Each structure stands twice: as C-alpha cells, then as structure tokens.
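Everything numeric in this text was worked out from a predicted model, so none of it was measured. Chain naming here is simple, since letters A, B, ... match the order of the sequence lines and numbering starts at 1 in each.
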Amino acid sequence: MHGLDVTLEEHPFFAGFSPDQNRIVSGCARNHKFDAGHYLFREGDPANEFFLIRHGRVALEIVSPGQAPVVIATLGKGEIVGASWLVPPYRWMFDARAVELTRAIGIDAACLRGKCDADAQLGYEMMKRFLPVLVKRLNATRLQLLDVYGKR
Amino acid sequence: MAPPDARLEEPHTTDAFVPDLYRVEAVRRELSDTVTLELAPISGTRPAYAPGQFNMLYAFGVGEIAISISGNHESGNRFIHTVRDVGAVSGAICRSAPGDVLGLRGPFGVGWPVAAAEGSDVMFVAGGLGLAPLRPAILEVLENRARYDRVAILFGTRNPADMLFRHQLESWRQRLDIEVEVTVDHADPDWHGHVGVVPGLIPHVMFDPAETVAFVCGPEVMMRFTATALTAAGVASERIHLSMERNMKCAIGICGHCQFGPDFVCKDGPVMRYDRIAEILALREI
Ligand SMILES: Cc1cc2nc3c(=O)[nH]c(=O)nc-3n(C[C@H](O)[C@H](O)[C@H](O)COP(=O)(O)OP(=O)(O)OC[C@H]3O[C@@H](n4cnc5c(N)ncnc54)[C@H](O)[C@@H]3O)c2cc1C
Ligand code: FES
C-alpha cells in the first residue's frame with residue numbers, strides 16, 4: 001500500500017516537489033472519502049483543511065436565501081478544492097459537495113501555514129502552485145460572467 | 001481558394017448573386033430560439049458541399065444572412081441548417097413553416113480540414129450554437145473513424161436546458177471510441193456533469209498535443225480562450241482551426257463586408273488557421 005507521501009508525489013499539484021518537501025507536506029495530510037451528496041465543507045465554516053481530488057467530482061455551490069443552490073464550478077481528478085485557507089479570515093465562501101464518490105487528500109491548513117512560515121522555500125513552492133490555479137479560475141469566471149452563449 | 005474537401009458541383013444559377021429557390025421540407029425546434037430546417041431545391045439537385053461551408057439564406061422581403069450547413073450527406077437532396085433567432089432575418093427564417101420558400105446561394109467558403117486531419121488525434125471544441133457548423137465534420141470523422149486516432153468532442157453551453165443536439169450528444173457519448181465531455185456555465189444541483197467553461201475541459205482529454213488537430217467553433221471570445229488553452233496544453237497554433245463569423249453581403253469576396261485583416265471570411269474562411277489569425281483576433285477594432 002502507498003504511504004501518503006507517495007500519494008502526494010503522484011498528484012500533479014506536487015509534481016517537482018523535493019522528497020523532503022513532500023515529507024513535510026504529507027505530515028499535514030490525511031485521506032478522505034466522500035460519498036455522493038456529502039459535503040467537503042459548507043460556506044462560513046472555518047477553512048482549516050483544503051483538498052486535492054484523487055478521484056471523483058466536487059461541485060462548488062452558492063446558496064441565496066429562498067433559492068435553489070447554484071453550481072458555479074465542478075472540479076475533478078487532479079484538481080484542488082479551496083483557497084480560503086490561504087487568506088484571513090480563513091472561512092469558506094461556498095459549499096463543496098461530492099457529486100459522486102470522491103477520494104481526496106485533505107491538507108491541514110494550520111499545520112501547512114505553520115510549516116510554510118517556518119520554511120520560506122516551501123511557502124514559495126506552494127504559492128507557485130496555487131497562484132496559476134487561482135489565475136486560471138479567475139479567467140474562467142470572467143468568461144462565465146460574459147455569458148457568451150446569450151444573445152448580444 | 002478551393003475548400004479542402006470540396007466536392008462542389010456547378011451551382012444552379014450562373015449569377016452568384018441570384019438565389020436558388022428552396023422549399024422548407026421540415027422544421028424541428030431545437031431550443032426556444034433555435035430551429036433546424038431541411039431545405040430541398042424546388043428544381044434539380046442541391047450542390048455538394050464540404051463540412052464547415054455555409055449558405056446565404058434569403059428570407060424574401062426581409063434579408064439574407066450566412067448560415068452554416070449543419071447536416072451531412074444522409075440528408076440526401078436537402079440542406080440542413082440550424083438557425084438561432086437573434087434579429088430580423090434569422091427571426092423570419094426561424095418562423096418558416098413546411099412548404100414555405102426561401103432563397104439560397106452557396107455553398108461558400110473554406111471548410112474544416114477533415115481529410116488533412118487523418119492520422120491525427122482530433123479534438124472538436126464547440127460552444128453553444130457552434131456545435132451546428134461542427135456537426136458535419138464530426139459526422140464525417142465518425143463515419144471514417146478508423147482513419148483517425150483519438151477523437152474527443154468538448155461542448156460548452158449556458159445551462160443544461162439550452163443544450164443543442166442533446167440526443168445526438170447522448171448517442172455519441174455511448175460510443176466507446178470517442179470521448180464526449182459536456183460542460184455548462186451554471187446549473188442546479190440536479191446536474192451531474194461538469195460546470196465551468198469549455199477550455200477547462202481540454203486538460204481532461206488531452207492525450208498527445210503534438211498529434212492533436214483541434215476544430216473550434218463558438219462565440220469569438222470562447223474561441224479565443226479555447227485557442228489559448230490549446231496552445232498552453234502544447235497544441236501548435238497551425239493545428240488549431242477556428243470558424244470565424246463576420247457580417248456578409250456578397251459571400252464571394254467582392255464587397256469587402258467580411259474583411260478580417262488581409263482576408264475575407266467568406267472566401268478565405270470561415271474556417272481559418274489560428275496561427276494566421278491569432279494577432280488580428282486579439283485586436284479590438286477588427
Ligand atoms: C460564416 C457564418 C456562418 C454562420 N452560421 C450560422 C448558423 O449556422 N446559425 C445561425 O443561427 N447563425 C449563423 N451565423 C450568424 C448569422 O449570420 C448572424 O447572426 C446574422 O447576423 C443574423 O442576422 P439577423 O438579421 O437575424 O440579426 P442582426 O440584425 O444581424 O443581429 C441582431 C442582434 O443579434 C446580435 N447577433 C448577431 N449575430 C449573433 C450571434 N451569432 N449570436 C448572438 N447574437 C448575435 C447582433 O449583435 C444584434 O444585436 C453565421 C454567420 C457567418 C458569418
Ligand atoms: S461578404 Fe463580400 S467580400 Fe465577403
């Protein structure tokens with residue numbers, strides 16, 4: 001059976017991490033299994049863990065009072081769920097629901113923040129990986145906002 | 001320039017400005033604002049065409065617009081067109097009923113390089129109504145499936161209710177020899193598919209970028225984002241083909257209405273290679 005450090009190494013997000021860095025991060029990691037319909041987290045909850053999807057699909061939902069939830073994005077194998085753990089006040093801004101059976105690695109945010117503070121190189125490596133994900137999502141959101149399939 | 005897969009015959013009329021008369025044989029409502037029409041020539045046979053070419057459809061007394069061909073040879077002596085009601089002319093065409101007569105000039109333009117893509121992986125990326133001009137190319141590739149390596153169809157649309165050609169997508173999805181991924185911009189929780197923009201699907205199906213040929217059709221912004229995502233995934237820009245839209249009048253390269261940089265979309269396109277148009281595509285005023 002694989003240890004968590006091996007599982008992390010195989011995840012595209014950690015490609016290029018040194019074995020030492022991998023060991024440090026896997027010290028903050030644990031495995032999760034979410035059945036279809038179960039929530040990884042809910043809006044407003046403390047963002048004390050983020051997730052790397054190994055298999056399955058996760059829907060990010062926003063709920064307006066009195067209305068049905070709207071799915072704003074889905075994320076699948078190899079993708080990251082959650083960035084709110086990076087920035088104060090460390091609270092989730094949306095719900096994350098497993099659409100199908102989902103296996104993920106959860107990374108304890110306080111643990112990782114502490115390790116990144118103590119090891120600037122590790123912190124930089126994490127940021128180098130997170131920032132492109134965030135920029136890609138920002139661009140995708142801009143395209144969604146344009147409502148390109150609507151009438152001009 | 002001759003279309004790559006041209007099987008064109010002589011048009012009926014010798015004057016390229018005079019439309020031939022076509023009878024509306026069938027009308028199928030696809031979406032609340034979109035219909036598919038089957039048009040048969042009132043006399044003679046319809047000219048041959050290549051996937052990706054378009055006709056100028058004329059609603060008498062209203063006007064004439066460019067509409068891509070959305071069917072394949074199985075339609076026999078008919079042209080299949082899928083039209084969205086966005087204004088006066090498309091609205092009039094969408095309101096036609098079986099038995100009505102429309103004018104038709106064409107087919108015109110350069111289509112998808114379906115034959116040139118043989119031996120490659122083929123990725124179709126469609127957004128909204130963009131699936132209609134791609135459909136003849138998809139059907140041709142599927143008909144000659146053994147000539148291509150991997151085939152993927154990526155389709156992005158606004159929401160699950162606005163899904164063009166839903167049944168066809170479902171039947172393609174059941175095939176074991178192609179990958180079909182559909183994404184919507186937003187959905188309610190009953191939707192179990194992808195939510196997000198169509199370029200986001202590219203990494204899910206990308207196999208060997210050096211061997212991939214991409215055919216992209218949809219709103220221009222969507223095509224720009226898609227071409228950027230394809231190049232970021234390693235597909236060379238000369239292997240990416242986009243179907244461009246510009247207002248047209250003559251459709252035969254005379255009036256200049258459809259000018260796009262040094263090219264005319266009506267005769268040098270509508271399907272154009274990304275490496276030839278990338279710079280112009282980024283300019284706001286073109
Ligand atoms: C090569 C080519 C192939 C085409 N193929 C098809 C096709 O297969 N099916 C089809 O329905 N249309 C297709 N079009 C687009 C069609 O020709 C135009 O939408 C046309 O301008 C409609 O004319 P209209 O008089 O109805 O509306 P217009 O008066 O020209 O436009 C009315 C309003 O709709 C907006 N509008 C125009 N075009 C679009 C659009 N495509 N999407 C959203 N809003 C728009 C305009 O900005 C305007 O505000 C194609 C165009 C080209 C150049
Ligand atoms: S429409 Fe006249 S030149 Fe293209």
Side-chain angles (χ1 to χ4, degrees), chain A residues 11-13 15 34-40 42-43 53 55-64 66-81 94-102 132-152, chain B residues 31-34 84-87 90-91 126-132 155-164 181-206 217-229 232-233 245 247:
Chain A
H11 197 282
F13 186 77
F34 300 97
D35 288 323
H38 283 226
Y39 283 82
L40 284 71
R42 296 282 201 157
E43 183 181 342
I53 304 176
H55 307 281
R57 186 175 302 169
V58 172
L60 308 184
E61 295 176 351
I62 291 189
V63 190
S64 307
Q67 285 180 11
V70 176
V71 180
I72 46 165
T74 50
L75 301 168
K77 184 178 171 180
E79 294 188 291
I80 296 277
V81 189
F94 45 79
D95 298 343
R97 176 177 53 85
V99 178
E100 55 192 45
L101 171 68
T102 298
V133 174
L134 296 182
V135 170
K136 222 164 123 191
R137 292 202 187 149
L138 177 64
N139 285 337
T141 308
R142 285 175 174 156
L143 183 54
Q144 263 171 310
L145 273 178
L146 285 174
D147 192 20
V148 287
Y149 307 122
K151 284 190 185 169
R152 279 180 237 145
Chain B
L31 303 171
S32 61
D33 58 359
T34 306
R84 182 176 182 203
D85 175 357
V86 296
S90 53
L129 189 63
L131 187 55
F155 178 51
T157 189
R158 202 175 190 199
N159 57 48
D162 284 346
M163 199 173 298
L164 187 67
E181 297 287 349
V182 175
T183 187
V184 299
D185 274 351
H186 29 81
D188 62 34
D190 294 336
W191 168 252
H192 283 237
H194 296 282
V195 179
V197 296
V198 69
L201 296 177
I202 291 168
H204 292 278
V205 297
M206 184 53 75
C217 190
E220 199 162 306
V221 190
M222 166 262 163
M223 290 200 289
R224 281 208 322 256
F225 274 75
T226 302
T228 305
E245 263 189 31
N247 278 340

Q.
Is A:Glu79 in contact with chain B via its backbone, its side chain, both, or neither, using a 4.5 Å heavy-atom distance?
A. side chain
**Q.** Contact check, side chains of B:Arg158 and A:Asp147, non-hydrogen atoms, under 4.5 Å
**A.** yes
Q: Please say whether more than 12 non-hydrogen atoms of neighbouring residues, nucleotides or ligands are located less than 6.0 Å from CG in B:Asn247.
A: no
(Q) Restricting to non-hydrogen atoms, name the atom on B:Pro189 and the atom on A:Pro69 that form the minimum distance, rounded to 0.1 Å. (A) CD-O, 3.2 Å
Q) Do the side chains of B:Asp162 and A:Tyr149 get nearer than 4.5 Å, heavy atoms only? A) no
(Q) Using heavy-atom distances under 4.5 Å, tell me whether A:Ile72 contacts chain B through its side chain, its backbone, both, or neither. (A) backbone
**Q.** Any donor-acceptor pair under 3.5 Å from A:Arg57 side chain to B:His192 backbone
**A.** yes
Q: Using non-hydrogen atoms and a 4.5 Å limit, figure out which bit of A:Ala68 sits close to chain B: side chain, backbone, both or neither.
A: neither
Q.
If you apply the rule side-chain contact (heavy atoms from CB on, under 4.5 Å), what do you find for A:Asn139 with B:Phe225, and how did you get there?
A. CA-CA 9 Å; A:Asn139 285 337; B:Phe225 274 75; 4.2 Å; yes
(Q) For the interface with chain A, which of B:Gly128, B:Gly196, B:Gly87, B:Ala187 has the highest count of heavy-atom pairs at distances below 4.5 Å? (A) B:Ala187
Q) About how many Å separate CD of A:Gln144 and OG1 of B:Thr183, when rounded to the nearest 0.5 Å? A) 7.5 Å
Q. If you count heavy-atom pairs under 4.5 Å with chain A, which of B:Gly130, B:Gly200, B:Gly156, B:Ala229 comes out on top?
A. B:Gly156
Q | Region of A:Ala59 that comes under 4.5 Å of a non-hydrogen atom in chain B | A | neither
**Q.** Identified side-chain contact (heavy atoms from CB on, under 4.5 Å) counterpart of A:Leu143 within the set B:Asp185, B:Val198, B:Val221
**A.** B:Val221
Q: Select one option (side chain, backbone, both, neither) describing which atoms of A:Arg137 are under 4.5 Å from chain B's heavy atoms.
A: neither
